[in-house]
Asks: 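Right, I'll just put the structure down here and ask away after.
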Amino acid sequence: MIIRLRVWLRLFGIPTEHRQLKNIAIDLANVLLEDLSRTEPNEYKTIKACAPSERQEVWKKLDILPISAYHEVFEAYHKSGCATDGDWQSIMQQFLRCGLTFTFTGVVASAIATDSLFGVGDRVTSKVNIGALKKGYVNIAVHGHLPTLVSQIVKTGYSEKFQSMAKSVGAKGIQFYGICCSGLSAMYRYAGVIPLSNAVTAELVLGTGALDLWVADVQDVFPAIMDVAKCYKTTVVTTSDSARLPGAEHYAYDHHHSNIGETQALAEKIVTRAIESFQARQGIPVFIPPYEVEAETGFSVEYVHKHYGSMKPLAEAIKSGKILGIVNMVGCNNPKVVYERAIVDVADVLIKNNVLILTNGCASFPLMKLGYCNTSIYNKTGDSLKEFLLYGELPPVWHVGECIDNTRSSGIFSGIAQELGKNIYELPFGFSSPEWGNEKGIGAALGFRLMGVTSYHCVEAQIHGSEKVIKFLKEDTKSMLGSSMVVDTNPTSLGEKIVQDFKAKRKALGWINT
């Protein structure tokens, strides 16, 4: 954690000599909070510290550098209000400003805070899929995106005191599982947290009857889990005043976060409630499907440096053609397409054509469950990519974590670009959310397009009320940002389009190994 914090302190120019760590961390937090809620125009410090200078010049010329996240969101509501801004180009300009605030405050700043507080984690081998559930334990699932309370719940549950308490009522111990991003965030930081499913299949996990307590915080927590939980007497606890579920028990930080100092007490209350629920649920039928697999997770810039010594071997592999390019594959799921199928079909085309995949969030679950995050998938991997990966017995899909860990993917992109002396937009990099289904998917795709990385999807965005807006997002951003939005409802065809685009970029660079 200290090493990671020092990196950010240097980038933000925060003095450290002869100062207490607590005061230094407060300075960093204040910088991030200022970018979140600045009221008067001034430098957006996270962009200044973290964005490539080439991109900052592009955004300055387009006049889309934001004032603060709160300001730009409020201004977006203002401009799009009844009979206010009637110029679609002005609205799109504001859309791009909001994209930058989403990227650098919603994602980058969150990642800075999370990694500084909880560490980056490391590559680990994890059991995944519903078959990894265990009978006889006090089983607790964490679901959502807020790590502060979740981290303390996990530490408390795995403490000797609470493990002994669980055993005293007849359990084998306490076991934690992850749904959606809380599980992904926890699995490479705390040993033994098992990721089970993304948000869309949460009810299927509950339907096993194996869970005693479900801890829900914010985002991608669908109300239908309450109906299934009642069928199996699973206790559901909510932990944020921003996200309540009817019928759930509520042990949370209050609206003003005045009880943040009670984190340990809240965690103990929640774990105790899980043990009580285990006792009350004796006799509930449990069926755990016999399907589990191992996945390699926890890849990051730090891991690449640890494994290869620097970014140079990865950069050289791309330049030489051993790796055709790299795609960051993320995004939630969408009922408009067959569940998880588009993600897998695109991945098949990419790794066959020697494209390395980075993944995080909900899209990562099918890739973990079907073996793409371990070496068993080498039979589907192109020869030159396989040759590169064999030296370290690495999978063709590198799992970097949860939603905000898009920063790890962009960090890898940036490190390779620096090593090669190129701009990110010039290189064979892509972003794909084949099944995007909500605002975050739009925001993540826009964040990469603002960096000059084209995005690829199997589902259309909800923009079809205006031909001009469609053209702007799909085509016109190419000349403005160096990137566009590509939609093809056939995932195999989409994957082939990515491959062809990478070959075109390589040709433009004079790299003949295409």
Side-chain angles (χ1 to χ4, degrees), residues 114 117-119 121 124 126-128 130 132-197 202 205-206 208-218 221 225 229 232-240 248-253 259-282 284 286 288 292 297-298 401-402:
T114 302
L117 286 169
F118 305 111
V124 297
S126 178
K127 294 287 187 181
V128 297
I130 296 177
L133 281 159
K134 299 178 181 180
K135 286 185 179 181
Y137 286 80
V138 175
N139 285 328
I140 303 174
V142 292
H143 182 176
H145 295 76
L146 297 178
T148 308
L149 184 53
V150 166
S151 65
Q152 198 60 52
I153 292 170
V154 173
K155 288 178 184 177
T156 299
Y158 281 145
S159 69
E160 184 177 343
K161 172 184 175 181
F162 280 88
Q163 289 286 329
S164 297
M165 189 184 301
K167 291 173 182 176
S168 73
V169 298
K172 296 178 182 178
I174 298 173
Q175 177 63 53
F176 285 93
Y177 306 90
I179 311 296
C180 199
C181 283
S182 286
L184 300 178
S185 173
M187 68 181 175
Y188 54 80
R189 289 188 173 104
Y190 316 113
V193 178
I194 298 170
L196 297 179
S197 84
V205 179
L206 281 162
T208 63
L211 289 173
D212 300 297
L213 187 79
W214 189 284
V215 183
D217 48 66
V218 302
V221 182
I225 69 170
Y232 296 92
K233 296 185 179 179
T234 299
T235 302
V236 177
V237 168
T238 52
T239 61
S240 171
E249 299 178 19
H250 193 60
Y251 306 107
Y253 298 130
N259 60 337
I260 193 77
E262 299 171 22
T263 297
Q264 179 61 41
L266 287 169
E268 291 186 4
K269 186 177 292 186
I270 289 167
V271 176
T272 300
R273 191 69 190 86
I275 296 171
E276 293 169 352
S277 182
F278 172 85
Q279 291 177 281
R281 295 182 67 254
Q282 295 304 300
I284 295 294
V286 174
I288 300 173
E292 65 175 345
T297 64
E402 59 175 320

Asks: Give the intermediate values and the outcome of side-chain contact (heavy atoms from CB on, under 4.5 Å) for residues Val150 and Asp217.
Replies: CA-CA 9 Å; Val150 166; Asp217 48 66; 3.8 Å; yes

Asks: How long is the gap from CZ on Phe162 to CD on Glu268, to the nearest 0.5 Å?
Replies: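 So the CZ of Phe162 and the CD of Glu268 are separated by 4.0 Å.
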
Asks: Considering non-hydrogen atoms only, spot the tightest contact between Val205 and Ser197 and give its length.
Replies: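 Heavy-atom minimum between the residues: CG2-OG, 3.5 Å.
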
Asks: Taking all non-hydrogen atoms of both residues into account, name the closest pair between Ala141 and Ile179 and its distance.
Replies: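 Smallest heavy-atom distance, with atoms named: CB-CG1, 4.2 Å.
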
Asks: Just so I know, are the side chains of Thr234 and Asp212 near enough to count as touching, which here means a heavy-atom distance under 4.5 Å?
Replies: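 They are not in side-chain contact.
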
Asks: Side chains of Leu213 and Ile270, heavy atoms from C-beta outward: is any pair under 4.5 Å?
Replies: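 In short, these two side chains touch, coming nearer than 4.5 Å.
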
Asks: Is the shortest heavy-atom distance from the side chain of Val128 to the side chain of Leu196 under 4.5 Å?
Replies: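 A side-chain contact under 4.5 Å is absent here.
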
Asks: Test side-chain contact (heavy atoms from CB on, under 4.5 Å) on Ile275 and Ile174 and set out the steps.
Replies: CA-CA 8 Å; Ile275 296 171; Ile174 298 173; 4.3 Å; yes

Asks: Would Gln175 and Tyr158 count as having a side-chain donor-acceptor pair, cut-off 3.5 Å?
Replies: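 Yes.
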
Asks: Which distance, rounded to the nearest 0.5 Å, do you find between the OG1 of Thr272 and the CD of Glu276?
Replies: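 Separation between the atoms: 6.5 Å.
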
Asks: Determine, step by step, whether Phe176 and Asn139 satisfy the side-chain contact (heavy atoms from CB on, under 4.5 Å) criterion, reporting the C-alpha distance in whole Å, the side-chain angles of both residues, the deciding distance to 0.1 Å, and the verdict.
Replies: CA-CA 6 Å; Phe176 285 93; Asn139 285 328; over 6 Å; no

Asks: Could you tell me whether Gln282 atom CD has more than 12 heavy atoms of other residues or ligands within 6.0 Å of it?
Replies: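 It does: Gln282 CD has more than 12 such atoms within range.
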
Asks: With rounding to the nearest 0.5 Å, note down the distance linking CD1 in Ile288 to OG1 in Thr208.
Replies: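 Taking CD1 in Ile288 and OG1 in Thr208, the distance rounds to 6.0 Å.
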
Asks: Closest heavy-atom contact between Ala252 and Thr238?
Replies: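 Taking Ala252 first and Thr238 second, the nearest heavy atoms are CB-O, 4.2 Å.
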
Asks: So His250 and Val237, side-chain contact (heavy atoms from CB on, under 4.5 Å) or not? Walk me through it.
Replies: CA-CA 6 Å; His250 193 60; Val237 168; over 6 Å; no

Asks: For a quick test of reading the model, state the closest non-hydrogen atom pair linking His145 to Glu402 and the distance between them.
Replies: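 Nearest heavy atoms, His145 then Glu402: O-OE1, 4.3 Å.
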
Asks: What I'd like to find out is whether the side chain of Tyr253 reaches to under 4.5 Å of the side chain of Leu266, using heavy atoms alone.
Replies: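 A side-chain contact under 4.5 Å exists here.
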
Asks: Could you state the interatomic distance from OG (Ser168) to CD (Gln279), rounded to the nearest 0.5 Å?
Replies: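 Atom-to-atom, Ser168:OG and Gln279:CD are 7.5 Å apart.
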
Asks: Check whether any side-chain heavy atom of Leu146 sits under 4.5 Å from a side-chain heavy atom of Thr239, and report yes or no.
Replies: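 Not in contact.
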
Asks: Do Val215 and His143 make a side-chain contact, defined as non-hydrogen atoms from C-beta onward lying under 4.5 Å apart?
Replies: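 In short, these two side chains do not touch, never coming nearer than 4.5 Å.
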
Asks: Is the centre of the Phe278 ring less than 6.0 Å from the centre of the Tyr137 ring?
Replies: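 Between Phe278 and Tyr137, the centre distance exceeds or equals 6.0 Å.
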
Asks: Any side-chain donor paired with an acceptor under 3.5 Å for Gln264 and Thr156?
Replies: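 Short answer, yes.
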
Asks: Heavy-atom distance under 4.5 Å between the side chains of Tyr177 and Ile140, does that happen here?
Replies: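 No, side chains not in contact.
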
Asks: Using every non-hydrogen atom in the two residues, find where Gly209 and Val286 come nearest and quote the distance to one decimal.
Replies: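 Between these two residues, the closest heavy atoms are O-CG2, 3.3 Å.
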
Asks: Using modelled atom types and a 3.5 Å cut-off, is there a donor and acceptor pairing between side-chain atoms of Ser151 and backbone atoms of Pro147?
Replies: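 Pair found, side chain donor or acceptor close to backbone of Pro147.
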
Asks: I need the Thr235 OG1 to Trp214 CH2 distance, nearest 0.5 Å.
Replies: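 So the gap between those two atoms works out to 13.0 Å.
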
Asks: For the residue pair Ile194 and Ser126, what are the closest heavy atoms and their distance?
Replies: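 Where Ile194 meets Ser126 most closely, the heavy atoms are CA-OG, 4.5 Å.
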
Asks: How about Lys172 and Lys135: do any of their side-chain heavy atoms sit closer than 4.5 Å?
Replies: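 Result no, sub-4.5 Å side-chain heavy-atom pair not found.
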
